[in-house]
Amino acid sequence: MKPLCDLEFAHRYVDALPADPARHPGTRLVADACYSFVEPTKVAAPHLLAWSGLLADELGLMRPGERDASVQILAGNALARGMRPWAARYAGHQFGHWADQLGDGRAISLGELTARDGRSRELQLKGAGMTPYSRHADGRAVLRSSLREFLCSEAMHALGVPTTRALSLVATGETVVRDMFYDGRPRAEPGAIVCRVAPSFVRFGNFEMHAARGEHAILRQLADFVIAEHFPELDGADPARYARWFREVCERTARLMAHWMRVGFVHGVMNTDNMSILGLTIDYGPYGWLETWDPDWTPNTTDFAGRRYAYARQPQIGAWNLARLAGSLKSLFADEAPLHEGLDHYRQTFARTHRRMLADKLGFAALDREDDDALLEAMYALLAAHEIDVPIFFRNLTRLHRDRATTPDVLLRDALYDPAAFDGDAGVELRTRWSQWFARYRARSSLDPTSQDVAARCAGMDLINPLYLPRNYLAQQAIEAAEAGDVSVLERLLTVLREPYREQQGCDDLAARRPEWARDRPGCSALSCSS
Ligand code: AMP
Ligand code: MG
């Protein structure tokens with residue numbers, strides 16, 4: 001284990017790809033380049049607020065003291081050996097519309113490290129100051145959005161959902177002015193910087209940028225670099241290699257969407273510049289967790305009118321975004337057939353993976369019986385009929401296997417209504433329908449091969465239905481405490497969320513449904529893009 005400040009960094013991305021020749025930080029349109037060199041802007045008084053020990057172990061890094069030399073690096077005030085900081089140039093489709101050049105407006109990559117698994121990781125500061133891609137914004141980030149990104153990155157990793165990671169959360173000692181409610185009343189908030197870590201932060205939008213400008217040679221260079229570095233298993237002659245690569249990107253994106261649906265994650269801003277070429281969850285903004293069954297729900301107040309990025313639309317949007325990527329990769333292929341095949345592969349992989357995960361959530365070997373779709377429909381109809389916390393509903397299904405002797409009324413109360421119903425006992429009709437569904441579910445379960453071993457079935461269900469999630473109201477409590485100088489709430493959340501599937505003593509409050517006070521409170525359910 002070493003301190004960050006003693007490490008030597010690599011810069012393969014920078015070495016392999018063309019740079020913007022201009023070095024000044026001013027905002028501009030950049031041509032014929034994958035990135036611009038830019039140094040982080042120093043901050044007044046940085047101190048470490050949170051650290052991911054798990055990720056640090058993977059990187060072989062020692063936890064620094066609150067104001068150590070390493071914290072200066074994590075705040076953008078100093079550089080380690082070998083760091084050649086850059087901001088990536090990319091474009092994107094935002095809310096269905098071509099947005100042209102976007103780029104890293106407040107993220108600055110520092111360099112690459114070799115992790116203990118022998119593979120490379122890029123370290124990137126988010127909120128480290130202006131870059132050529134900052135457009136009209138300030139290059140900074142507030143503590144509340146940085147804490148949410150830090151917390152959720154590490155929680156998603158523990159949930160088994162592919163994601164970029166977060167190593168540190170550093171307070172800058174400076175304020176950042178934001179109009180959080182977009183109501184013309186900006187206020188100064190504490191600023192922060194997250195150090196994000198991933199094998200690569202390349203997005204669909206990087207390829208869209210070069211395609212839009214007809215920079216076909218650079219696009220090919222970027223594709224070759226990404227494949228060689230991050231898809232080394234793909235070899236052979238081009239364009240077959242590109243076809244296998246695109247198919248693999250489609251497959252990873254499909255699996256990612258299935259995971260999001262499984263845990264109830266709603267990204268909130270699935271623009272093509274927020275889609276990782278490695279199939280990772282990237283750019284945590286106004287994300288949220290589906291609590292009651294409303295497929296049309298989004299946490300993002302900016303998307304309330306269109307609901308383009310609502311929970312149930314995410315798989316479709318994944319396909320739409322891949323189609324934009326496919327469009328930008330045309331120059332790599334003699335004809336479009338491999339691109340269409342990739343998109344078909346996405347649909348098939350998503351459908352298959354989603355169904356398999358649903359079967360696992362229900363404790364079935366497969367959803368392959370004639371009545372299974374009707375069972376699912378009845379379940380969704382009941383979840384939609386009143387306000388039931390969906391994660392708790394799934395988690396408690398094991399009670400129907402374990403508590404065979406409990407009477408239906410008591411089971412209904414203990415496993416469903418008390419823990420999961422926001423509106424309490426919703427009347428005799430719903431009670432009857434739920435009891436009937438429980439009976440139907442049990443009958444279906446008893447026909448399943450998994451019924452042989454109740455303990456194994458329940459253990460399996462517990463490994464796919466999380467007990468603890470970084471729900472927005474929990475994150476908000478951690479934010480309010482941190483803003484008041486107390487990081488213990490965040491630390492407790494981080495510790496529990498390291499093992500989201502295992503019941504932990506004294507943590508019932510973190511597994512509870514959203515309390516009533518949080519229903520309409522800002523940050524506790526819905527969020528704006530202000531960050
Ligand atoms: P997002 O949808 O939040 O991922 O951001 C879209 C674009 O806006 C990206 O190019 C970001 O780098 C840029 N951006 C967002 N916030 C800021 C900021 N405070 N300063 C500079 N650029 C920003
Ligand atoms: Mg983004």
Side-chain angles (χ1 to χ4, degrees), residues 20 25-30 34-36 38 40-41 43 76 85-109 124-146 148-149 152-153 163-164 166 172 174-180 182 186-194 196 198 200-209 212 266-278 280-288 298-303 306 308-309 317 321 324 527-531:
D20 170 11
T27 297
R28 59 186 176 266
L29 274 179
V30 173
C34 290
Y35 59 90
S36 304
V38 61
T41 305
V43 296
W86 76 94
R89 172 176 174 243
Y90 54 82
H93 280 83
Q94 297 186 313
F95 292 91
H97 303 285
W98 175 242
D100 208 76
Q101 178 181 297
L102 295 166
D104 286 330
R106 56 172 165 175
I108 298 181
S109 289
Q124 180 181 79
L125 303 182
K126 184 169 175 179
M130 302 265 287
T131 78
Y133 308 98
S134 298
R135 295 177 293 157
H136 306 294
D138 58 5
R140 293 299 186 191
V142 289
L143 174 59
R144 62 182 154 80
S145 67
S146 307
R148 281 169 52 82
E149 171 141 18
C152 199
S153 307
T163 179
T164 62
T172 57
E174 293 180 358
T175 57
V176 175
V177 175
R178 289 288 181 273
D179 184 357
M180 182 166 141
Y182 297 130
R187 68 177 179 104
E189 300 185 44
I193 296 175
V194 172
R196 312 200 283 193
S200 168
F201 290 92
V202 171
R203 303 132 192 275
F204 291 7
N206 296 64
F207 297 92
E208 289 181 280
M209 183 77 260
V266 187
H267 182 285
V269 199
M270 284 180 72
N271 295 333
T272 54
D273 52 299
N274 290 340
M275 297 291 293
S276 147
I277 201 71
L278 303 184
L280 308 172
T281 312
I282 191 172
D283 277 13
Y284 291 89
Y287 65 83
T298 173
N300 183 357
T301 54
T302 315
D303 196 23
R308 179 181 172 86
Y309 299 139
I317 294 292
N321 289 343
R324 302 289 79 70
L527 289 112
S528 78
C529 280
S530 153
S531 60

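Ligands are counted one by one from 1 in listed order, and the atoms in each one are counted from 1 as well.
Side-chain N or O atoms of Thr172 include one that pairs as donor or acceptor with a backbone N or O of Gly191 at under 3.5 Å. A donor-acceptor contact shorter than 3.5 Å links the side chain of Gln101 to the backbone of Arg28. At least one donor-acceptor pair closer than 3.5 Å links the side chain of Tyr182 to the backbone N or O of Ser530. Here the side chain of Asp20 pairs no donor or acceptor atom with the backbone of Ser36 at under 3.5 angstrom. A donor-acceptor contact shorter than 3.5 Å links the side chain of Tyr90 to the backbone of Gly103. Between the side chain of Thr301 and the backbone N or O of Leu527 there is at least one donor-acceptor pair closer than 3.5 Å. Side-chain atoms of Arg106 come within 3.5 Å of backbone N or O of Arg140 as a donor-acceptor pair.
The proximity of Arg178 to ligand 1, defined as any non-hydrogen pair under 4.0 Å, is limited to the side chain. Both the backbone and the side chain of Leu102 come within 4.0 Å of ligand 1, counting heavy atoms alone.
Of the inter-residue distances, the one linking Leu280 atom CG with Arg196 atom CZ reads 11.0 Å to the nearest 0.5 angstrom.
Atom 18 (C) of ligand 1 has its closest protein heavy atom at Ala137 CB, 3.4 Å. In terms of protein heavy-atom proximity, atom 10 (O) of ligand 1 is nearest to Gly103 O, 2.6 Å. Looking only at heavy atoms of the protein, atom 5 (O) of ligand 1 is closest to Asp273 OD2, 4.6 Å. Considering only non-hydrogen protein atoms, atom 21 (C) of ligand 1 sits nearest to Gly105 O, 3.1 Å. The protein non-hydrogen atom at the shortest distance from atom 15 (C) of ligand 1 is Arg106 NE, 3.8 Å.
Nearest-residue assignment for atom 1 (P) of ligand 1 (options Asn274, Thr131, Thr27; heavy-atom criterion): Asn274.
Here Asp273 fails the criterion, with no N, O or S atom under 2.8 Å of the Mg ion (ligand 2). At least one N/O/S atom of Asn274, from backbone or side chain, sits under 2.8 Å from the Mg ion (ligand 2).
Side-chain polar atoms of Arg178 and Ser528 form no donor-acceptor pair below 3.5 angstrom.
Between Asp104 and ligand 1, a contact under 3.5 Å exists for no N or O pair.
Residue contacts with ligand 1 include Arg135, since one or more of its heavy atoms lies under 4.0 Å from the ligand. The closest approach between any non-hydrogen atom of Gly139 and ligand 1 is below 4.0 Å. Using a non-hydrogen distance threshold of 4.0 Å, Asp138 registers as a contact of ligand 1.
Arg148 forms no cation-pi arrangement with Tyr284, by the criterion of a distance under 6.0 Å to the ring centre and an angle within 45° of the ring axis.
Ion pairing of Arg324 with Asp273 is absent here, as no side-chain N (NZ or NE/NH1/NH2) approaches a carboxylate O to less than 4.0 Å.
For the Mg ion (ligand 2), the nearest N, O or S atom contributed by Asp283 is named OD2.
The Arg140 neighbourhood of ligand 1 comprises atoms 19 (N), with distances under 4.0 Å to a heavy atom of that residue.
For atom 8 (O) of ligand 1, the protein comes within 4.0 Å by at least one heavy atom.
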